[in-house]
S.K.: 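Take this structure first; my questions come after.
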Number of protein chains: 2
Amino acid sequence: MEKERSTEARIFEAASAVFHEKGYAGARMQEIADRAGINKAMLHYYYRNKDKLFEGVFRTARLQVLGPILDVIGADLPLPVKMERAVHTYIDQLVAHPEVPAFVLQELRRHPDRVRRFIDEEVQLLFQGLARQIREADRRAEIRPVPPEHVVVNLIGLCVFPFVGRPVIQAVLGLDEEGFEAFIQERKQTVTTFIHNALGL
Amino acid sequence: MEKERSTEARIFEAASAVFHEKGYAGARMQEIADRAGINKAMLHYYYRNKDKLFEGVFRTARLQVLGPILDVIGADLPLPVKMERAVHTYIDQLVAHPEVPAFVLQELRRHPDRVRRFIDEEVQLLFQGLARQIREADRRAEIRPVPPEHVVVNLIGLCVFPFVGRPVIQAVLGLDEEGFEAFIQERKQTVTTFIHNALGL
DNA sequence: GTCTATACTCGGATAGAC
DNA sequence: GTCTATCCGAGTATAGAC
């Protein structure tokens, strides 16, 4: 109910929270209105309908989950450094938006038509560039022989999975919220080492 | 509409498919009825309501996603062999039920109360056992020093992530359905090697 | 711009005939 | 056991006053 930000911004933040938590199908306009501290009718005044509101939230989520990591992947860095930076950057990014990956993956799964817009030409090329860099390192015998596509998927998966599987991981390891936080912070180091060792760097 | 299996079984299969695809909130009783080739009213005759039907599907999903892998983790095997078997078994298991992990993780995220039942004492102990085995191997200097909990999460994540992130991975790597299948089959080997190398086995 | 009241649709659930 | 018809609550969206 903060009077600071504009109504529109408050709606958007509330909508983000609710969509992230419940997904499109589970989200209720009423709950969004409540969290924004305004009336249901206002939602339709600013954003015509649920779809439009969702569209905005999803577009933002894309940046939150793809933004910084792409810069690192596209940067001109030697492989070992790039790997380390990628892991650190990506985990930091995900800590800032812990619920976004599960949300995004869920919605992409239900709307295959969105996938092309989500992973556009540019994004695809960036990842292909990383794969090529790995292949090059392999050719020069700087790393163990290894299929580059798998390394790319492993890199992303090792960073993202704990956030998508959070409840299960917390239960298995017996971690409370702050225990999980700490675990994630450790991963910046352990995942980097894991990958470096796997590649023989 | 196969006349073979009983109506009850057909309903359950249809319900599984729809719940897996759409999640609880997105699933429609009408669609389940259609796929089962029967009337909506029949759903309520066999399973009292949507919740009860979901409960059954979810319980089965738990076994589909936890079953075989737990046997391997609990088995009395040397670490390198156990890791290899775990990866192979788990990926085979997930190929048989590709949509289940995303479904389960999504629903657990929305119903934190279910988590305890999902990861019960027994499951927790099995994973702790694996962690202990890794810690032992570390103590005996059979592997590189490494936090066991992270290895456990990495093992599971490397197997599960491709299925949860499937649409994104297909788009990034430019794979069609059978290309993805092949990629997954490759992973049984590449992930095993990745982990072995990471641990210095 | 913000509210209240209300229209309308969708979907889960039940009644009751066969 | 299986169907048709129908009820009813929930949830999105709009009308209209202030």
Side-chain angles (χ1 to χ4, degrees), chain A residues 1-61 99 103 106-107 109-111 113-114, chain B residues 1-61 99 103 106-107 109-111 113-114:
Chain A
M1 266 270 223
E2 329 89 73
K3 282 187 116 79
E4 312 307 325
R5 283 180 299 291
S6 70
T7 302
E8 183 167 1
R10 293 220 315 282
I11 291 175
F12 191 80
E13 288 162 28
S16 297
V18 175
F19 279 128
H20 290 172
E21 267 182 43
K22 315 281 178 79
Y24 180 86
R28 295 291 166 257
M29 296 296 267
Q30 184 61 60
E31 185 176 356
I32 295 174
D34 291 347
R35 288 213 212 179
I38 49 107
N39 192 281
K40 243 192 338 176
M42 294 301 289
L43 299 180
H44 293 86
Y45 177 78
Y46 282 98
Y47 303 83
R48 273 184 54 74
N49 54 38
K50 190 179 175 181
D51 278 43
K52 295 267 192 305
L53 186 46
F54 175 83
E55 194 54 43
V57 170
F58 189 78
R59 198 187 310 276
T60 300
E99 0 60 43
F103 165 67
Q106 175 189 161
E107 298 303 336
R109 171 171 301 275
R110 307 221 194 306
H111 302 282
D113 47 301
R114 285 184 193 277
Chain B
M1 263 273 219
E2 329 89 74
K3 280 187 119 78
E4 312 307 325
R5 282 179 299 291
S6 71
T7 301
E8 183 167 0
R10 292 221 316 280
I11 291 176
F12 190 79
E13 286 160 30
S16 297
V18 174
F19 279 128
H20 291 172
E21 265 182 44
K22 314 281 178 78
Y24 180 86
R28 296 290 167 258
M29 295 296 268
Q30 184 62 58
E31 186 176 356
I32 295 174
D34 290 348
R35 288 214 210 178
I38 48 108
N39 192 280
K40 239 192 341 173
M42 294 302 289
L43 300 180
H44 293 87
Y45 177 78
Y46 283 98
Y47 303 83
R48 272 181 55 72
N49 54 38
K50 191 179 176 181
D51 278 43
K52 295 269 191 303
L53 186 47
F54 175 82
E55 194 55 42
V57 171
F58 189 78
R59 198 188 309 277
T60 300
E99 359 62 42
F103 164 68
Q106 175 190 161
E107 298 303 335
R109 170 170 303 273
R110 306 219 195 309
H111 302 283
D113 47 302
R114 284 184 194 278

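Just the heavy atoms: all of them, side chains too, but no hydrogens, waters or symmetry mates, feed the values below. Order of the sequence lines fixes the chain letters, A, B, ..., with proteins taken first and strands second; residue numbering starts at 1 for each chain. From a predicted model like this one, the values you see are computed outputs, not experimental measurements.
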S.K.: Taking atom types as they are modelled, would you say the side chain of K50(B) forms a donor-acceptor pair with the base of dG11(C) within the 3.5 Å cutoff?
M.R.: no
S.K.: Rounding to a whole Å, what distance do you find between Q30(A):CD and dA13(D):C1'?
M.R.: 13 Å
S.K.: Counting C-beta onward and ignoring hydrogens, is there a side-chain heavy-atom pair between Q106(A) and R109(B) closer than 4.5 Å?
M.R.: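 No, side chains not in contact.
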S.K.: With a 4.0 Å cut-off on heavy atoms, is A27(B) in touch with a base, just the backbone sugar-phosphate, or nothing at all?
M.R.: sugar-phosphate
S.K.: Using whole Å, what does the distance between atom P of nucleotide dT14(D) and atom OH of Y45(A) come to?
M.R.: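 Going from Y45(A) (OH) to dT14(D) (P), I get 15 Å.
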S.K.: So F103(B) and F54(B), would you call those rings parallel, tilted or perpendicular, with 30° and 60° as cut-offs?
M.R.: perpendicular
S.K.: Taking OH from Y24(B) and C1' from dA10(D), how many angstroms apart are they, rounded to a whole number?
M.R.: 13 Å
S.K.: Tell me the interatomic distance from F54(A), atom CZ, to dT12(D), atom C1', rounded to whole angstroms.
M.R.: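 My rounded result for the distance is 16 Å.
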S.K.: dG1(C) phosphate, OP1 or OP2: any side-chain N/O from T7(A) under 4.0 angstrom?
M.R.: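 No.
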S.K.: Does a side-chain N or O of R48(A) approach OP1 or OP2 of dA13(D) to a distance below 4.0 Å, or not?
M.R.: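 For dA13(D), neither OP1 nor OP2 has a side-chain N or O of R48(A) closer than 4.0 Å.
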S.K.: Tell me which of Y46(A) and K40(A) sits closer to the 5' end of DNA chain C, going by the nucleotide each one is nearest to.
M.R.: Y46(A)
S.K.: Send over the distance from N39(A) CG to dA13(D) P, rounded to a whole Å.
M.R.: 14 Å
S.K.: Rounded off to whole Å, could you give me the CZ-to-P distance for the R5(B) and dG1(D) pair?
M.R.: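 My rounded result for the distance is 18 Å.
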S.K.: Please verify the inter-ring angle class for F19(A) with Y24(A); under 30° counts as parallel, over 60° as perpendicular, anything in between as tilted.
M.R.: parallel
S.K.: Rounded to whole Å, how long is the line connecting atom CG of L43(B) with atom P of dT4(D)?
M.R.: 13 Å
S.K.: Pick the nucleotide of DNA chain D nearest each of A41(A) and A41(B); which residue has the one closer to the 5' end?
M.R.: A41(B)
S.K.: Is the shortest side-chain heavy-atom distance between L43(A) and K50(A) below 4.5 Å?
M.R.: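 Side chain of L43(A) against side chain of K50(A), heavy atoms only: no contact under 4.5 Å found.
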S.K.: When you get a sec, tell me which of dA13(C), dT4(D), dC3(C) is the closest nucleotide to the side chain of M42(A)?
M.R.: dC3(C)
S.K.: When the distance from CZ of R10(A) to P of dG1(C) is rounded to whole Å, what number comes out?
M.R.: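 One finds 13 Å between P of dG1(C) and CZ of R10(A), rounded.
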S.K.: If the threshold is 4.0 Å, N to carboxylate O, is there a salt bridge linking R114(A) and E55(A)?
M.R.: yes
S.K.: Side chain of H44(B): nearest nucleotide among dA13(C), dT12(D), dC3(C)?
M.R.: dA13(C)
